[in-house]
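What follows is a single structure, written as structure tokens, with notes after it.
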Amino acid sequence: MNENLKIIENMNIKAFQNDLISWFEREQRDLPWRKDQDPYKVWVSEIMLQQTKVDTVIPYFLNFIEQFPSIDELATADEEKVLKAWEGLGYYSRVRNLHSAVKEVKEKYESKVPDTPKGISSLKGVGPYTAGAILSIAYGKPEPAVDGNVMRVLSRILSIWEDIAKPSTRKVFEEAVRLLISKENPSYFNQALMELGALICTPTSPSCLLCPVREHCHAFEEGTQTELPVKTRKKSVKHVDLVAGLIVNKEGKILIHKRPNKGLLADLWEFPNIEKSQLFHPRRVLEDFLLDEYKIETEIRTSSFAKIDHVFSHLTWEIEVFAGEMVGKVQETSTLKLVTAEELGEYAFPVSHQKIWKEYQQMI
DNA sequence: AAGGCGTGGGG
DNA sequence: TCCCCAAGCCT
């Protein structure tokens, strides 16, 4: 056995499972994806919940399932509508992968979500955690579903001092779960570990006195619960200065651009923008960019109407925004459009550019 | 392995 | 204000 898992040898595993699952049966939150075990809905919820809080996900989940109630309806849905349903949730590659994987399930598996580790893991956007979550929650299979909650909870119960920021550490916890998981109810066991992490065994100031498994917890016994888990923090973020244009034509239509299908905010729409230059005034940089890149002649106002600060997980933006008018005409393409203010609502924008639009409306 | 990839909320 | 977090995955 792994040296990190010696505590398990002296655990009463049956009692641990029972205490944990009984607590979950009593205290679990009433969440929309817990209404049934439809593998499709479990799948959608697990993708949405990646790095995202329950409270944030709930309204998105309800709307998404209403719009796309089944594999077949999502598989045949218009890409732009699917992306719009994800607008504001972040990590947009999740929805692109989900849409693509759902199409694959429809074509290759007759619209039935695979129920084997190999099958489920082959789907785009389904990694080790999500595979285990779907297999255990939707299909009752005793597979580990190790997320941040599970690593935090088990690092405390089993006194595991490995750095959970290291990718290789997940395997230690998967092995632990394989030893601990209830074969009678793997679904509740996995969900209970995560629910415990969310409600009781929280990152800071865990509620040990309310914990249903504190008798089984080595960290509680030693008083080390606030020192665990060990997690090295990553380095600070870089900063980028942008200049953007809120450009309208003579009919008042607004110029928007679709971002590339890879990288940051892929496939989302934006107001034309470019990184600032040290050498030239932002207004001049924007003017040149619109002419060179889109062959658009513009008259840009002398002073900007807004400066938007936006923070991502790995970088920050400051966007200085200028209003302007097109002089001539544009050739519209699939990635460059002129739209009315009403039509803007049909396109998915990142939050940073939603801020631009709000500032513009206040200004005019 | 390590960095890219969003957003909103809490201490 | 700043830093960290929240049911990770991909390259």
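A note on names: the letters A, B, ... follow the listed sequences, proteins ahead of strands, and every chain is numbered from 1. Because the structure is predicted, anything quoted here is derived from the model rather than measured.
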5' precedence on DNA chain C between K262(A) and M194(A) (nearest-nucleotide basis): M194(A)
So that I can tick it off, tell me whether R29(A) and E195(A) are bridged by a salt bridge, with the cut-off set at under 4.0 angstrom between side-chain N and carboxylate O. yes
With a 4.0 Å cut-off on N to O distance, would you call E320(A) and R283(A) a salt bridge? no
dC9(C) to dG8(B) separation - P atoms, rounded to the nearest Å: 22 Å
Could you work out the separation of dC5(B) and dA6(C) based on their C1' atoms and round it to a whole Å? 15 Å
Which part of the nucleic acid, if any, lies within reach of [X] when heavy atoms closer than 4.0 Å are counted: base, sugar-phosphate only, or nothing?
X	result
P167(A)	base
K231(A)	sugar-phosphate
R29(A)	base
V57(A)	nothing

Round to the nearest Å and state the distance from [X] atom [atom1] to [N] atom [atom2].
X	N	atom1	atom2	answer
M151(A)	dA6(C)	CE	C1'	12 Å
L49(A)	dG6(B)	CG	P	18 Å
M48(A)	dG6(B)	CE	P	16 Å
I319(A)	dG6(B)	CD1	P	14 Å
R94(A)	dG8(C)	CZ	P	9 Å
E87(A)	dG6(B)	CD	P	14 Å
R96(A)	dG8(C)	CZ	P	19 Å
W86(A)	dC5(B)	CH2	P	18 Å

Apply the salt bridge (charged side-chain N to carboxylate O under 4.0 Å, His left out) test between E270(A) and each candidate in K337(A), K355(A), R259(A); give the one that qualifies. R259(A)
Do any of residues 32-45 of chain A sit with a heavy atom less than 4.0 Å from DNA chain C, and if so which? W33(A), R34(A)
Can you sort out which residues in residues 120-148 of chain A have a heavy atom within less than 4.0 Å of DNA chain C? Ascending by number, please. K124(A), G125(A), V126(A), G127(A), P128(A), Y129(A), T130(A), D147(A), G148(A)
Counting just side-chain N and O atoms, does R152(A) come under 4.0 Å of either OP1 or OP2 of dA6(C)? yes
Check each of E87(A), E80(A), H353(A) against W269(A) using the side chain to side chain donor-acceptor pair (under 3.5 Å) test, and report the only one that passes. E80(A)
Is the ring pair F61(A)/W33(A) parallel, tilted or perpendicular, if the boundaries are 30 and 60 degrees? perpendicular
Describe, in one word, how the ring planes of H257(A) and Y294(A) are oriented to each other, choosing from parallel (under 30°), tilted (30 to 60°) and perpendicular (over 60°). tilted
Which pairs would a plain distance check flag for residues 216-223 of chain A, meaning a side-chain donor or acceptor within less than 3.5 Å of a matching protein atom at least two apart in sequence or in another chain?
{"from": "H216(A)", "atom 1": "NE2", "to": "D19(A)", "atom 2": "OD2", "distance (Å)": "2.8"}
{"from": "H218(A)", "atom 1": "ND1", "to": "S159(A)", "atom 2": "OG", "distance (Å)": "3.4"}

Would you mind telling me which residue lines up with the more 5' stretch of DNA chain B, S93(A) or K166(A), judged by nearest nucleotide? K166(A)
4.5 Å side-chain heavy-atom contact, L242(A) and E318(A): no
Polar contact flag, side-chain donor to acceptor under 3.5 angstrom, T169(A)-E162(A): no
Sorted by chain and number, sequence neighbours left out, side chain to side chain contact (heavy atoms under 4.5 Å, CB included) with R94(A) holds for I47(A), Q50(A), T52(A), W86(A), L89(A), Y91(A)
Between the protein and nucleotides 7-10 of chain B, which nitrogen or oxygen pairs come in under 3.5 angstrom?
{"from": "dT7(B)", "atom 1": "OP1", "to": "Y92(A)", "atom 2": "OH", "distance (Å)": "2.8"}
{"from": "dT7(B)", "atom 1": "OP1", "to": "V351(A)", "atom 2": "N", "distance (Å)": "3.0"}
{"from": "dT7(B)", "atom 1": "OP2", "to": "H310(A)", "atom 2": "NE2", "distance (Å)": "2.9"}
{"from": "dG8(B)", "atom 1": "N2", "to": "K53(A)", "atom 2": "NZ", "distance (Å)": "3.2"}

Would you give me the side-chain donor-acceptor pairs under 3.5 Å for residues 99-122 of chain A, sequence neighbours excluded?
{"from": "H99(A)", "atom 1": "NE2", "to": "L74(A)", "atom 2": "O", "distance (Å)": "2.9"}
{"from": "H99(A)", "atom 1": "NE2", "to": "A77(A)", "atom 2": "O", "distance (Å)": "3.4"}
{"from": "S100(A)", "atom 1": "OG", "to": "K124(A)", "atom 2": "NZ", "distance (Å)": "3.3"}
{"from": "S111(A)", "atom 1": "OG", "to": "D72(A)", "atom 2": "OD1", "distance (Å)": "2.5"}
{"from": "K112(A)", "atom 1": "NZ", "to": "Y139(A)", "atom 2": "OH", "distance (Å)": "3.4"}
{"from": "T116(A)", "atom 1": "OG1", "to": "G119(A)", "atom 2": "N", "distance (Å)": "3.0"}
{"from": "S121(A)", "atom 1": "OG", "to": "P117(A)", "atom 2": "O", "distance (Å)": "2.7"}
{"from": "S122(A)", "atom 1": "OG", "to": "G119(A)", "atom 2": "O", "distance (Å)": "2.7"}

Applying side chain to side chain contact (heavy atoms under 4.5 Å, CB included) between E46(A) and each of L98(A), D147(A), I137(A), report the one that passes. I137(A)
